[in-house]
Amino acid sequence: MSKAALPGFRDFYPAEFAERALIFRAWREVARRYAFVEYDGPPLEPLELYTKKSGDEIVGQLYNFTDKGGREISLRPEMTPSLARMVGARANALRKPVRWFSIPQLFRYERQQRGRLREHFQLNVDIIGEADVTADAELLAAAIDIMAELGLGPADVRARVSDRRLLHAILLSLGAAEEQVNAYYGVIDKFERQPRELSHEKMTSLGMSDANVARLFTHLGPTSVQSLRESFPDAAVLEQLDGIARYLGYLDRLGVGEWVVLDLTIVRGLAYYTGIVFELFDAKGELRAICGGGRYDNLLGALGGQDLPALGFGMGDVVLGELLRERGLMTPPSHTAEFWVAAENAERLPEVMEAARALRDAGGSVEYALRSQQLQKQKKAAQSAGAGYFVTLGEGPGSIASIQSLTAASAPSGIESATTIDALCQLLASRTSSESD
RNA sequence: GUGACUGUAGCUCAAUUGGUUAGAGCACCGGUCUGUGGCACCGGGGGUUGCGGGUUCAAUCCCCGUCAGUCACCCCA
């Protein structure tokens with residue numbers, strides 16, 4: 001028996017679990033502020049749910065199998081099909097726009113490398129039922145606010161946005177054939193990752209003139225609505241630029257404008273995106289995308305549901321975790337005992353237990369030695385466990401001989417001066433009630 | 001799926017051009033000591049050197065295979 005987890009799978013020891021919890025907390029907190037509500041679906045779905053959307057090639061990248069009832073099954077590689085199925089089943093009953101989020105664990109059978117495992121947790125946030133760019137702005141603002149909630153700033157993370165309708169109009173204005181547009185998307189998607197000459201060559205072989213390819217290339221990378229207006233004074237392009245301008249204006253009003261940059265190289269691999277698309281990157285550009293999403297207005301209809309406008313993003317925990325660790329922001333609070341209760345001799349263990357019970361009832365987090373040990377030994381154990389206070393019981397029932405703070409930062413609540421367990425419990429109880437106000 | 005590089009204790013690393021019983025620090029466990037605090041000292045557990053084969057009197061070291069990790073493709077979340 002190997003002691004290691006399967007390739008691409010992670011063990012979450014308490015230290016790693018605390019990191020995961022830190023990320024999840026930020027996700028849920030920002031989702032709450034934006035009034036998204038949480039849902040979940042099954043981790044196993046019919047294989048067909050994914051082949052219908054992505055074709056049979058997807059099967060090579062899935063954890064799929066035949067179950068004991070002969071059904072073709074897959075672990076979910078993404079959440080959107082499940083979401084589409086759930087929304088589709090109740091499309092008429094749901095209040096629009098639907099604002100939902102989920103934190104599924106997703107699985108892909110692929111060779112692992114940095115930032116890419118066979119399993120990850122991915123926040124999915126979607127808005128369904130609103131076609132205007134207001135929804136696009138709301139969605140991206142939520143993604144960016146998660147970065148801020150985790151302590152990252154515009155200097156750490158950049159949101160690059162584009163619009164497939166805009167790119168489509170630009171390509172047509174440069175003489176691209178309608179049926180070749182997807183092929184052009186593919187080249188533009190790889191623009192940053194391959195030599196410029198190669199991209200140029202691929203574009204011309206798709207039928208675009210040398211001059212027009214060169215014209216397009218000067219606008220790939222960070223750009224602005226203004227410079228695109230001047231360079232492509234085509235009616236269809238200008239109409240799309242108006243939409244983008246409105247979108248960027250809304251992002252300013254939502255307080256995230258300085259994170260955002262217009263960049264036509266953002267295409268996203270998935271064929272189903274129909275409008276604004278975006279990705280969040282670390283500003284140094286060393287890691288994979290932290291988050292990606294956009295508008296997929298035709299997907300719900302294509303999957304057999306009601307045809308509703310929709311948009312959403314996915315944000316994985318792996319790359320995000322790497323960035324946070326790199327920036328020294330992955331410092332989850334430790335969840336060690338607040339109180340370690342101890343007594344001089346082993347005969348008093350029952351009293352220690354009674355004190356622990358009382359403190360726990362009052363909301364305290366309490367540990368004590370589970371075997372009889374010398375007082376010094378108990379204190380050492382308390383320190384080693386990271387307990388906040390070392391409580392030594394006194395002579396009388398329920399009395400406290402001393403309370404020592406073991407951590408550098410001692411609480412200012414006067415806890416150390418309590419002389420009985422009852423008094424300490426009252427302090428704890430008042431703390432709990434004032435916190436919940 | 002393709003290619004390159006790397007695998008020694010839980011972690012970070014040693015081990016003479018191939019040479020006795022593979023070591024150290026940290027961590028863990030036990031003990032002694034010190035009333036102001038995770039100290040000091042003593043002791044202990046823990047390795048089929050990823051795994052399998054080959055060359056050799058002798059392999060952690062050289063060769064082959066395999067598995068795993070890292071990176072780049074591919075693909076994307």
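Below, chains carry the letters A, B, ... as their sequence lines are ordered, and counting in each starts from 1.
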Taking the P atom of each, how far is B:U17 from B:C64, in whole Å? 22 Å
Between B:C76 atom P and A:Leu62 atom CG, what is the distance in whole Å? 13 Å
Starting at the 5' end of nucleotides 31-36 of chain B, put B wherever the base has a protein heavy atom under 4.0 Å, S where only the sugar-phosphate does, and a dash everywhere else. SB-B--
RNA chain B: A:His120 or A:Tyr109, which has the more 5' nearest nucleotide? A:Tyr109
Below 6.0 angstrom between ring centroids: does that apply to A:Phe217 and A:Phe191? yes
B:G45 pairs with, by Watson-Crick or G-U criteria that keep both distances under 3.5 Å: none
If the C1' atom of B:A68 is compared with that of B:U8, how far apart are they to the nearest Å? 15 Å
Classify the glycosidic conformation of B:G37 as syn or anti, calling it syn when the angle lies within 90° of 0. syn
Separation of atom CD in A:Glu110 from atom C1' in B:C76, rounded to whole Å: 6 Å
Over how many whole Å does the gap from A:Glu192 atom CD to B:C73 atom P extend? 13 Å
Whole-Å distance between B:G38 P and A:Phe390 CZ? 14 Å
How close do A:Leu139 and A:Phe278 get, counting heavy atoms only, and between which atoms? CD2-CE2, 3.9 Å
I need the A:Leu251 CG to A:Glu258 CD distance, nearest 0.5 Å. 12.5 Å
In Watson-Crick or G-U wobble terms, with both distances under 3.5 Å, the base opposite B:G1 is B:C73
In whole Å, measure the gap between the P atoms of B:U12 and B:G50 for me. 14 Å
Sugar-phosphate only, base, or nothing, as touched by A:Leu123 at under 4.0 Å among non-hydrogen atoms: nothing
Taking atom C1' in both B:C74 and B:A4, what distance in whole Å separates the two? 16 Å
To the nearest angstrom, how far is A:Arg111 atom CZ from B:C71 atom P? 12 Å
Spacing between A:Glu16 atom CD and B:C11 atom P, to the nearest angstrom: 12 Å
Say you draw a straight line from CG of A:Leu329 to OG1 of A:Thr331; how long is it, rounded to the nearest 0.5 Å? 7.0 Å
Are the ring centres of A:Phe121 and A:Phe24 closer than 6.0 Å? yes
With both distances under 3.5 angstrom, what nucleotide forms a Watson-Crick or G-U wobble pair with B:U36? none
If the threshold is 4.0 Å, N to carboxylate O, is there a salt bridge linking A:Asp317 and A:Arg10? yes
Find the partner of B:G7: check Watson-Crick (N1-N3 plus N6-O4 or O6-N4) and G-U wobble (N1-O2, O6-N3) distances, both under 3.5 Å, and reply none if neither fits. B:C67
Which whole number of Å gives the distance between the C1' atom of B:A59 and that of B:A15? 14 Å
Among B:C76, B:A68, B:G1, the one nearest A:Arg288 by side-chain distance: B:C76
Under 6.0 Å from the six-membered ring centre of A:Tyr34 and within 45° of its axis: does the NZ or CZ of A:Arg99 meet both? no
Lys NZ or Arg CZ of A:Arg295 over A:Tyr273 ring: under 6.0 Å, within 45°: no
I'd like the P distance from B:U55 over to B:C11, given in whole Å. 34 Å
Checking N1-N3 plus N6-O4 or O6-N4 for Watson-Crick, or N1-O2 and O6-N3 for wobble, each under 3.5 Å, the partner of B:U56 is none
Looking only at atom P, what distance separates B:A24 and B:G43, rounded to whole Å? 11 Å
Polar side chain donor-acceptor pair, A:Asp126 to A:Tyr296, under 3.5 angstrom: yes
Roughly, in whole Å, what's the span from OH in A:Tyr389 to C1' in B:G37? 15 Å
Give the rounded distance in Å between these two atoms: OH of A:Tyr13 and C1' of B:C11. 12 Å
What's A:Gly8 touching, base or sugar-phosphate or nothing? Going by heavy atoms closer than 4.0 Å. sugar-phosphate
For B:A22, what is the paired nucleotide under Watson-Crick or G-U wobble rules, both distances under 3.5 Å? none
With rounding to the closest Å, how many angstrom separate the C1' atoms on B:U34 and B:C41? 11 Å
Would you kindly compare A:Gly386 and A:Lys190 by the position of their nearest RNA chain B nucleotide and give the one closer to the 5′ end? A:Gly386
Return no unless some side-chain N or O of A:Arg10 is found under 4.0 Å from OP1 or OP2 of B:G69. no
